[in-house]
Amino acid sequence: GKGEPRAKYPRSLPSLPIIGSLLHLAGNPQLHLLFHSLQKKYGSLYSLRMGSHYVVVVNHYLHAKEVLLKKGKIFGGRPHTVTTDLLTRNGKDIAFASYSPLWKFQRKQVHAALAMFGKGSVALEKIICREAAALCETLNASQDALLNMALELTRAVTNVVCSLCFSSCYRRGDAEFEAMLQYNQGIVNTVARESLLDTFPWLQFFPNKDLALLKRCIKDRDQLLQKKFEEHKAAPSSSLTSNLMDVLLRTKLNMENNNSRPGQQLELTDDHLLMTVADIFGAGVETTTTVLKWAVLFLLHYPEVQGKIQEELDQKIGFARFPQLGDREQLPYLEATISEVLRIRPVAPLLIPHVALTDSSIGEYAIPKGARVVINLWSIHHDEKEWEKPGEFNPGRFLDEQGKRLSSPSPSYLPFGAGIRVCLGEILAKMELFLFLAWILQRFTLEPPAGQPLPEPDGNFGVVLQVPPFTVKARLRDAWQDGV
Ligand code: HEM
Ligand code: PLO
């Protein structure tokens, strides 16, 4: 009305061509870095227009917490994009689906299933330790030979998720595993790239050959999924704590039987079921593997950190038994190292874009309905007012003064997001990171092979922040030399 102050919108970047040309110059757009550096000129909250889309970029943790926690439901939407719609059959999954009653139901089902497998964490812990043992065997057998560590880590992590989703696992040379590696790589390289860069920039950064590749990879993924789906439908497991596929199949059946009741309109279609499993399978593999690769690359760059973790392992666990989850409190330096890896190289540096479902605000700024809100986790984790020398890899920053307990020096830290869209795999991922690293470092010292240059730990922006390829030598530690 009259006299009312006009709504104040976030400062907006001058015009698209400028961003477009910045990205163009950069060649491979490292969007999180560009959005971080734009703060100098435009402040921590600013907006830009990408074609028909209004995008708000959030670089400060207080604004991020307002979006994710205080107004989580308002900002709980997701954008429709060409590539993620292809990947998820128009948003029938969890991660790329907008807020809806069915989405809420899918999340709840998966959450309950994961909690059930982790009951007292015993079942999950057993699965992870089984894979850690197999991984250590492989490392041991390929002593001194150059080893594709990334591949072995991926297999170990994949087998954990495979057990969870399908009660199955892969051995070396398995054709289905090789196929999965292939299509995952293709999807990671192409999906969601246009969520911020469509219309005009789309033409520059999303060539049609990428779209063709993505479609091919999705087809391969669908084939694998369909096979699993039919196998499980034909022979469902009777056990209650079986696997995600069987749990969802049973839920679907129960819903159909109850659907004669009025008021029960939710329908979990085959597509919803498949896309839900696909999300967990995809996220379960790509995220944890990526963090493990980052951890190993940083340990190669910082041998003193590796030495300190091993010292702690030797003192608290020794050589007569293997690490277990119950040791976590006893190994604060290892836990601090994991926290630091998740800070310095966030898996999802811009999370997944959120969408404002109604007119709202962030801080003192008005945000219109439909705005895409990008949370720049990179900025939040590299804020100089919150972190001392944020660019430095320093696990010690996550320890208290006595160096005995984990303690974050700043609230500007959200590696798994927060609120209604918080990561569904946080607990699982933390268990895996801890157990795999503890098992490996108890037995082996990781070294860069002589004469092979170690790449700088620079990330490559994509749907996950990708690790540069590198080679490793795993040397059996002295205490294990005779007979293991
Ligand atoms: C979402 C981080 C592992 C399943 C997310 C988000 C982040 C994240 C930042 C986005 C939150 C947002 O958009 O606001 C991580 C990290 C991981 C990890 C750092 C490993 C260290 C996993 C694993 C699983 C998983 C192992 C599966 C078991 C999901 C799913 C979503 C998600 C389904 C979508 C949630 C939604 O949109 O409602 N994760 N994640 N994540 N994560 Fe993870
Ligand atoms: C990884 C490649 C798979 O083929 C498909 C897939 C499904 C879920 C995605 C995941 C990919 C990448 C990481 C994502 C996850 C959902 C949540 C997770 C985006 C594309 C994160 C870190 O937000």
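What's counted below: heavy atoms across the whole structure, side chains too, no hydrogens, waters or symmetry copies. From a predicted model like this one, the values you see are computed outputs, not experimental measurements. Atoms within a ligand are numbered from 1 in the order they appear, just like the ligands themselves.
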Contact check: Arg107 vs ligand 1, nitrogen or oxygen atoms, below 3.5 angstrom: yes

With only distance considered, is Glu432 within less than 3.5 Å of ligand 1 through an N or O on each side? no

Excluding sequence neighbours, so at least two apart, what forms ring-ring contact (aromatic ring centres under 6.0 Å, His included) with Tyr99? Trp103

Here the salt bridge (charged side-chain N to carboxylate O under 4.0 Å, His left out) pairs for residues 59-70, sequence neighbours left out, are Glu66-Lys71

Ligand 1 contact on Lys430 by region, counting heavy-atom pairs under 4.0 Å: neither

What I want to find out is whether Arg397 reaches Glu388 closely enough, with some N-O distance under 4.0 Å, to be called a salt bridge. no

Between Ser167 and Asn243, do the side chains contain a donor N or O and an acceptor N or O under 3.5 Å apart? yes

Residue Ile352 vicinity, atoms of ligand 1 by number, heavy atom under 4.0 Å: 13 (O)

The atoms of ligand 1 lying under 4.0 Å from a heavy atom of Pro415, numbered in the order shown, are 2 (C), 9 (C), 19 (C)

Taking the six-membered ring for Trp and the single ring otherwise, decide whether the centroids of Phe398 and Trp387 are under 6.0 Å apart. yes

Any Lys/Arg nitrogen of Lys430 or Glu426 sitting under 4.0 Å from an Asp/Glu carboxylate oxygen of the other? yes

Distance filter under 4.0 Å to Val291 heavy atoms, resulting ligand 1 atoms: 21 (C)

A student checking ligand 1 against Leu351 at a 4.0 Å heavy-atom cut-off should list atoms 9 (C), 12 (C), 13 (O), 14 (O)

Which atoms of ligand 1 have any heavy atom of Leu428 under 4.0 Å away? 28 (C)

Is there side-chain contact between His354 and Pro79, with at least one heavy-atom pair below 4.5 Å? no

Can you label the angle between the His60 ring and the His63 ring as parallel, tilted or perpendicular, going by 30° and 60°? perpendicular

Between the side chain of Tyr413 and the main-chain N/O of Ser339, is any donor-acceptor distance below 3.5 Å? yes

Apply ring pair (Phe, Tyr, Trp, His ring centres under 6.0 Å) to Phe281 and Phe166, showing your working. CA-CA 10 Å; Phe281 192 44; Phe166 313 118; 5.3 Å; yes

Nearest non-hydrogen protein atom, atom 11 (C) of ligand 1: Arg421 O, 3.3 Å

Under a 4.0 Å threshold between the charged nitrogen and the carboxylate oxygen, would Glu176 count as salt-bridged to Lys228? yes

Determine whether any heavy atom of Trp103 lies closer than 4.0 Å to an atom of ligand 1. yes

Listing by chain and number, which protein N, O or S atoms are under 2.8 Å from atom 43 (Fe) of ligand 1? Cys423 SG

Parallel, tilted or perpendicular, judged at 30° and 60°: which one describes the rings of Phe393 and Phe298? parallel

With a 4.0 Å cut-off, would you call Glu384 and Lys389 a salt bridge? no

Can a salt bridge be assigned to the pair Arg155 and Glu152 using a cut-off of 4.0 Å between side-chain N and carboxylate O? yes

Between Glu386 and Ser412, does any side-chain donor sit less than 3.5 Å from a side-chain acceptor? no

May I ask which of His354, Gln106, Met431, Lys104 has a heavy atom nearer to atom 12 (C) of ligand 1 than the others do? His354

Is any NZ, NE, NH1 or NH2 atom of the basic residue among Lys252 and Asp270 found under 4.0 Å from an Asp or Glu carboxylate oxygen of the other? yes

May I have a table of the N/O to N/O pairs between ligand 2 and the protein that fall below 3.5 Å, each row giving the two atom names and the distance to 0.1 Å?
from     : atom 1 : to     : atom 2 : distance (Å)
ligand 2 : 4 (O)  : Asn184 : OD1    : 2.5

If we number the atoms of ligand 1 from 1 as shown, the ones under 4.0 Å from a heavy atom of Thr288 are 26 (C)

Which ligand 1 atoms are under 4.0 Å away from a heavy-atom of Arg78? 12 (C), 13 (O), 36 (C), 37 (O)

